[in-house]
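Worksheet: the structure to be examined is printed underneath.
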Number of protein chains: 2
Amino acid sequence: MGKGDINRQKIVAAADDLFYRQGYVHTSFSDIADAAGIPRGNFYYYFKTKDEILAAVIDQRAHHLAETLAAWEAELADPRDRLRRYVDMLTAEQEHIAQYGCPMGSLCTELAKLRHALQSDAARMFEVVRAWLERQLKALGRARDARQLALHLLARGQGIALITNAYRDRAFLQREARELKRWLDAL
Amino acid sequence: MGKGDINRQKIVAAADDLFYRQGYVHTSFSDIADAAGIPRGNFYYYFKTKDEILAAVIDQRAHHLAETLAAWEAELADPRDRLRRYVDMLTAEQEHIAQYGCPMGSLCTELAKLRHALQSDAARMFEVVRAWLERQLKALGRARDARQLALHLLARGQGIALITNAYRDRAFLQREARELKRWLDAL
DNA sequence: GTCTATATACGGATAGAC
DNA sequence: GTCTATCCGTATATAGAC
């Protein structure tokens, strides 16, 4: 891996973080360059436009998500345990969620308002999760309604993240996570 | 009501619409002035800063919301019918939601990322709804957990709106609205 | 590959004539 | 109350020296 690749990676990592914490529109090239430790001018050697960085960030998030979910699948044999693990992610990330919301949800919301060309790419992050949830639900014997249940679970998580963020209320997130687990157990 | 008040009202109405459809950061003074039919320069006679417009928009949304909810309370005697009516709002607004998400949720999400001073004011829109839901739930005999159930309902609605927006999937919204009503009936 | 200087456009905001 | 002209900062983006 050359030095160029390392710089490229640093830029994407910095942009990923800043897009999450500040939003896409509100984050400037300078912000990213400063955070990555790359001089403003040299920036354009790696990315020609802001959209290119966004595409790289979406790609990275989708890959990271897929890796995490695959690891849970390898680690846990019982599909119900895997789904529980998914809910545990909410609790584990409660600090970030209270401050910045969900990285997938808030980005999709922002890009929808911008009528951004990459909005459908951002929605593919959700697809990664939805497909994984659906597979676990099928393994649980819910083949018929697995897809709908997966979307339902996705929406529940997004609602919890949004309200937790708006109210800065981690106690709410914890209560709802417990309730989601009861819902899983009843499936 | 003088001409100044009318112009002021036109500005707030235009800003309300644009903040919903384009987001706060991405909407410029020029956008609002153009939409309201007010010359750019004259704008500052009514509002000194963009934040002042935002404050007026939040105020208007909260008032409009309170009026709508009060009307439902006057129209329907049964608290369960009132709650059903709340769920019906999702279905009625499905076109807007699919395109732009929830006006409350998307604004709170955006302001949280900006670390905007008015973020807590925006959250007060949620409080108007939460308090109303809580009252209906208490009237249903759920005094003990009315507050938690109200927040739960709020979060369910937000999750549905977000996923509907991300996937542009009105069928999902309709299915989830039906499910929410079943949940209400089981209370 | 790295960095400086700079072009160009647009944002929010102001002064002041009418 | 209305409108024009304009300031200043910042944003994206480019040219070109090193």
Side-chain angles (χ1 to χ4, degrees), chain A residues 1-58 107 110-111 113-119 121-122, chain B residues 1-58 107 110-111 113-119 121-122:
Chain A
M1 189 163 76
K3 198 172 179 186
D5 291 322
I6 293 175
N7 273 343
R8 219 190 123 89
Q9 215 180 342
K10 277 202 287 189
I11 290 172
V12 176
D16 192 344
D17 180 54
L18 287 167
F19 289 170
Y20 177 43
R21 285 176 13 217
Q22 310 188 343
Y24 177 67
V25 190
H26 195 238
T27 299
S28 72
F29 272 179
S30 301
D31 290 340
I32 303 172
D34 289 349
I38 310 271
R40 275 170 228 9
N42 197 22
F43 208 91
Y44 289 85
Y45 175 74
Y46 298 102
F47 293 96
K48 299 286 167 256
T49 67
K50 206 178 169 183
D51 288 0
E52 272 184 38
I53 307 176
L54 178 60
V57 166
I58 290 173
L107 184 60
E110 185 175 8
L111 296 186
K113 292 217 190 282
L114 302 180
R115 317 239 123 222
H116 198 287
L118 294 178
Q119 202 240 327
D121 292 71
Chain B
M1 189 163 76
K3 197 172 177 186
D5 290 321
I6 293 175
N7 274 342
R8 219 189 124 89
Q9 215 180 341
K10 277 203 287 188
I11 290 172
V12 176
D16 192 344
D17 179 54
L18 287 167
F19 289 170
Y20 177 42
R21 286 178 10 220
Q22 311 188 344
Y24 177 67
V25 189
H26 195 238
T27 299
S28 70
F29 271 126
S30 302
D31 291 339
I32 304 172
D34 289 350
I38 309 272
R40 275 171 227 7
N42 196 22
F43 207 91
Y44 290 85
Y45 175 73
Y46 298 102
F47 292 96
K48 299 286 167 255
T49 68
K50 207 178 169 184
D51 288 0
E52 271 184 39
I53 308 177
L54 177 60
V57 166
I58 291 173
L107 184 61
E110 186 176 7
L111 296 185
K113 292 217 190 281
L114 302 179
R115 319 237 123 223
H116 198 289
L118 294 178
Q119 203 240 327
D121 292 70

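A, B, ... follow the sequence lines: proteins, then strands. Residue 1 opens every chain.
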Within residues 13-21 of chain B, which residues have any heavy atom lying less than 4.0 Å from an atom of DNA chain D? none
Output all residues satisfying ring pair (Phe, Tyr, Trp, His ring centres under 6.0 Å) with A:Phe47, sequence neighbours left out; order by chain, then residue number. none
Output one letter per nucleotide in nucleotides 4-18 of chain D: B when a protein non-hydrogen atom lies under 4.0 Å from the base, S when only the sugar-phosphate is that close, - when neither is. B------SSBB----
Partners of A:His116 by side-chain hydrogen bond (donor to acceptor under 3.5 Å, both in side chains), sequence neighbours excluded? A:Asp51
Please list, chain by chain and in numerical order, all residues satisfying side-chain hydrogen bond (donor to acceptor under 3.5 Å, both in side chains) with B:Ser28, sequence neighbours excluded. B:Asp31
Return the value, rounded to whole Å, for the distance between atom CG of B:Asn7 and atom C1' of D:dC3. 13 Å
List in chain and number order the residues that pass ring pair (Phe, Tyr, Trp, His ring centres under 6.0 Å) with B:Phe19, two or more places apart in sequence or in another chain; answer none if no residue qualifies. B:Tyr24
Could I get the full list of salt bridge (charged side-chain N to carboxylate O under 4.0 Å, His left out) partners for A:Arg40, not counting sequence neighbours? A:Asp34
Length of the OH-P vector between A:Tyr45 and C:dC3, whole Å: 13 Å
Give the rounded distance in Å between these two atoms: NZ of A:Lys10 and P of C:dG1. 14 Å
Quick one: list whatever passes ring pair (Phe, Tyr, Trp, His ring centres under 6.0 Å) with B:Tyr45, sequence neighbours left out. none
Measure CD1/B:Ile53 against P/C:dG11 and give the value in whole Å, please. 14 Å
A:Glu110 (side chain) donor-acceptor with A:Val25 (main chain) under 3.5 angstrom: yes
Can you tell me how far P of C:dG1 sits from CZ of A:Phe43, to the nearest Å? 16 Å
Please enumerate all residues that pass side-chain hydrogen bond (donor to acceptor under 3.5 Å, both in side chains) together with B:Asp16, with sequence neighbours excluded. B:Gln60, B:Arg61
